[in-house]
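A short worksheet on the structure shown next.
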Amino acid sequence: MVKLTPMMEQYLSIKEQVKDAFLFFRLGDFYEMFFDDAILASKELEITLTGRGSSGAEDRIPMCGVPYHSADNYIQRLIEKGYKVAICEQVEDPATAKGVVRREIVRIVTPGTVMEGKLLDDKTNHYLVCLSQGSTSNALAACDLSTGEMIVTSAPIGQSWIIDELNVYMPTEIIGHAALLQEAEPLTKSWNRSVLLTEWNRQDEALARQQFGEAVWTRLEDERQQALAILMGYLQETQKRSLSQLTNIRTYDPDQYLVLDPFTRRNLELTETVRERAKKGSLLWLLDRTETSMGARLLRRWIDKPLMNRNVIEERLEAVETLYHHLIWREELREQLSSVYDLERLVGRIAFGTANGRDLVALKSSLSQIPMLKQLCEQTSSATLRNRVSELDACEDIRDWIDSAIVDEPPVSVRDGGLIKPGYDEYLDQLREASVNGKRWIAELERKEKESTGIKSLKIGYNKVFGYYIEVTKSNLSSLPEGRYERKQTLANAERFVTPELKEKEALILEAEDKMLGLEYERFSELRQRIGSEIRRLQALAEAVAEIDVYQSLAAVSAARRYVRPEFTEQLDMHIKEGRHPVVEAVMQGGDFMANDTELTEQDATMLLITGPNMAGKSTYMRQVALISIMAQIGCFVPAERASMPIVDRIFTRIGAADDLIGGQSTFMVEMMDIQVMTEKATRRSLVIIDELGRGTSTSEGMSIAQAVVEYVHNRIGCKALVSTHFHELAHMADRLQRLKNVCMAVQESGNQVTFLRKLVSGAASTSYGIYCARLAGLPDQIIDRAYDLLSHYESADRDNVQPLTSNTEGERPENHVEQLSLFGWDQTAVSAEPPVVKAEKNDEHVLEARDEYLQQIGTEKFNQVEPQQSHQLEEQKFSAEHAAEVTAMKEFIGSLTDVDVMSMTPLEAMNQLHDLMKRAREMIRK
């Protein structure tokens, strides 16, 4: 057992305060780690593990360390891996200390409290989130310490809203009550990065009251006060310094904004793509032409939380429209904004006490652009822009403070001098003069001594150990008059000497330089603190500049992409003429995007049942409707010729779910869970998008569930909905559901060749062209040919014999029902069977119109190169006279179905009866 030294005892007592963090213990020019910290840090940081103590290896204390001057890099690496780091510094002068130098933890760096470094993305906020549990409501408080943003919200107890909000903030660290952390943990795993979860219940209500003011505090609900007090307690415990950048609290209710659940955000690729999880290819990537980092962060927040307040949306659209139509104004604004640094994070570092001279110069440079930026906004015809800058504080006094004090090109370090301009401080100028004169005297002394001694190689040098000295090489010592100098140091090839006069000047010079460095740092700190007292003014300015930047960005994209201003209506009708998918259109490399109309009206149809082949554009069409709604509600122009929109309160998407393998959920279960949330939360003002409903189970069950869901949305919710399906048999529902309309993606067929026209037309499709898509994917011809043979066999065997289940339009629940619907958590919906209904015929007129439009876009010559020169008639085949006998027999068979009493059967009995009838039909066809 190693006997611990007083220093190691001190280490262990401090380590006891931060058991969950690495302790960086300052020893001289190194931060040292010991025991388990050292073992783990050596692995994570790939540094050498050594030992401290007696000579016996088994008794040595594990130890590793990192240099003080490069510690930030090592700390960043540990934070990236999800660890905390406690920094322990010497807090008294070793020269005056009695015994062990006193040390204290000066800050605990955590993933959510990072203030600088590569962990901070310039265009993304860096949030720490607190989850607080109340008796009837839960609360969420989010803080970006680097920008000073503080947000708090709450809602009645329930998991879904917290998950929705966490997906907006995507914090790097979550603190709070254990039960809520447990609910949040599965979501954080899907973010594909480290998220630190820390149980924390300690509150600091006094600090919260002091930080934000008594008036602001008392207006908060109890559960929001609790969340804020917990968060402030954690910040005080970890940061151990002023948090003056936290000046305002922004409060809201989750239902104030368009609600987008995590699946919808992912499916619509709002801020990152599904596959690469990259910004490129997302809506944010398309709309981001901001010139400032704070503008980019604000744009992301707007996309994450589209508005529901029509007045505010119209104000945004008015500013965008003005800049849309005035290129010169827009470009002048962009030019001014391009010279503005990240004011929010500059101000955050100033308040935190970590800003250096270059940060202050960047702030001065940014503030110099504000007067012209304000003048440009005042000159526009936009009421929104003029109002935004009418009372804008340009902070010109702060700019002048910096200009008078800080040199134009300051050094990185604030303790090495060279920061303060001449003329700013009289005493500092005197010290500089003394230092300059002293060094000039030394240079003159060197010249004189060379002349007096005749030794041309004589020189006067300086080091920290001996100070100033006269150095003479050994070959010239004989030329040196006896007793002229006092010997100080002997080297291999030279001797070093001093004189009383030289030592006197040395004392004056060093005293001046020492005082000068201390005084410069003191004056810089005073200026930084003085600017820090004006944080509110600077934050308000940064907010206004960011907003102007977003307006010009949306206007620039809208003008470049030929977008139009959406019109909002109080009714629930949605009219989009020639709508386009904004991102797909942008990445088509100059290709022509096939635009499509959208008409969802209370009088005609609120639901579209979309059928058609794979790869024909169904998913793209449905996504574009959702994206157009989101773009309109963030205040952006939309990709269409005209758009009349209602305010949407929620958007639900069920598009292409991947298996939740980590959560142990199959594709079908994920799909059902999404549908359950939709049925629980959707209102008449919602937009529901479901792609390939029911595909994760058997055909009969999938078709039954698909029909039941469509009926539920139509009859119970009544919202706008787009539903695509490969169950073409469901097209009959349009005859019974008043507000359901069949549409399909038009296709041009020519022999075995298929052209996807990507045009939405009325009517239902008859096939999915799955085998053709398999050919496009490169499957061997042997498989493709065999698939066509089998398809012909199945179609001839089953033609007109399988009839989809009819709608239960009355909403009643008969005794026989589909058992699977209990997954949804709502009443099981009746599914009954009736005699077959003849399949809807193709709408030749609409298909021909779509073909003509497609030809206009790609050119007839190009089309003819792809299509064989064959007849393109789209008429349905008529039964010939030679098939009359078969038709008669078929009609007799169908007539026998009228004797089947389906309503008295259970679902299993009905399926068995249907199977028997199909078997009889196949036998009849073979004969």
Side-chain angles (χ1 to χ4, degrees), residues 7 26-30 67-70 90 92-102 357 407 409-524:
M7 187 274 292
R26 182 71 179 273
L27 286 176
D29 289 335
F30 279 81
Y68 166 77
H69 60 82
S70 60
Q90 298 175 174
E92 67 175 337
D93 188 351
T96 60
K98 295 181 180 179
V100 179
V101 177
R102 188 160 58 90
V407 297
E409 296 183 3
V412 175
S413 173
V414 297
R415 294 186 178 273
D416 293 342
L419 281 169
I420 306 300
K421 280 184 175 181
Y424 182 74
D425 185 276
E426 183 178 354
Y427 183 48
L428 180 60
D429 290 343
Q430 292 175 1
L431 292 174
R432 281 177 175 161
E433 184 65 23
S435 176
V436 170
N437 289 338
K439 290 178 179 179
R440 189 180 297 139
W441 180 89
I442 288 177
E444 182 65 20
L445 175 64
E446 181 179 296
R447 185 186 63 80
K448 289 180 179 180
E449 291 301 314
K450 285 181 179 180
E451 292 178 354
S452 299
T453 62
I455 303 173
K456 293 183 179 181
S457 62
L458 181 148
K459 66 179 181 180
I460 297 179
Y462 172 83
N463 64 36
K464 292 183 178 180
V465 177
F466 296 107
Y468 286 98
Y469 55 82
I470 300 171
E471 184 173 292
V472 179
T473 60
K474 287 192 175 181
S475 60
N476 290 308
L477 287 177
S478 60
S479 303
L480 197 65
E482 186 69 25
R484 185 176 182 88
Y485 304 135
E486 176 185 345
R487 180 177 279 104
K488 189 68 176 177
Q489 184 183 17
T490 300
L491 302 178
N493 298 315
E495 295 280 352
R496 289 178 177 175
F497 305 91
V498 295
T499 66
E501 190 177 17
L502 181 61
K503 297 305 292 181
E504 181 181 352
K505 281 294 182 182
E506 174 190 308
L508 292 174
I509 294 171
L510 295 182
E511 181 183 10
E513 289 186 347
D514 186 52
K515 288 182 177 180
M516 187 168 60
L517 291 177
L519 188 58
E520 278 209 63
Y521 179 71
E522 184 179 333
R523 294 294 175 263
F524 176 81

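The figures here come from the full heavy-atom set of this structure, side chains too, leaving out hydrogens, waters and symmetry mates. Every value quoted in this text rests on a predicted model; they were computed, and no experiment measured them.
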With E486 via side-chain contact (heavy atoms from CB on, under 4.5 Å) - residues at least two apart:
V498
Where is the tightest heavy-atom contact between [X] and [Y], given as atom of each residue plus distance?
X	Y	result
G357	P410	C-CG, 3.5 Å
A512	S435	CB-N, 4.2 Å
P411	L419	CD-CD2, 4.1 Å
E471	A494	CG-CB, 3.9 Å
M516	L431	N-CD1, 3.8 Å
S452	R484	CB-NH2, 3.4 Å

First locate atom [atom1] of [X], then atom [atom2] of [Y], and finally report the distance between them rounded to the nearest 0.5 Å.
X	Y	atom1	atom2	value
D425	E522	CG	CD	8.5 Å
L445	I470	CG	CD1	5.5 Å
N476	E495	CG	CD	12.0 Å
S479	K456	OG	NZ	12.5 Å
Y485	L477	OH	CG	11.5 Å
I460	E444	CD1	CD	10.5 Å

Within 6.0 angstrom of [X] [atom1], more than 12 heavy atoms from elsewhere:
X	atom1	value
E504	CD	no
N463	CG	yes
Y68	OH	no
D93	CG	yes

Between [X] and [Y], is there a side-chain N and carboxylate O pair less than 4.0 Å apart?
X	Y	value
K503	E506	yes
K459	E446	no
K439	E513	yes

Side-chain heavy-atom pair [X], [Y] within 4.5 angstrom cut-off:
X	Y	result
T453	E449	yes
N437	R432	no
L27	M7	yes
E501	W441	yes
K488	Y469	no
L519	F524	no
Y468	I509	yes
K450	S457	no

Has R415 got a side-chain atom pairing as donor or acceptor with G417's backbone, closer than 3.5 angstrom?
no
Can V101 and E92 be said to form a side-chain contact (heavy atoms from CB on, under 4.5 Å), step by step?
CA-CA 6 Å; V101 177; E92 67 175 337; 3.8 Å; yes
Sequence neighbours left out, what passes salt bridge (Lys or Arg N to Asp or Glu O under 4.0 Å) with E426? Give chain and number order.
none
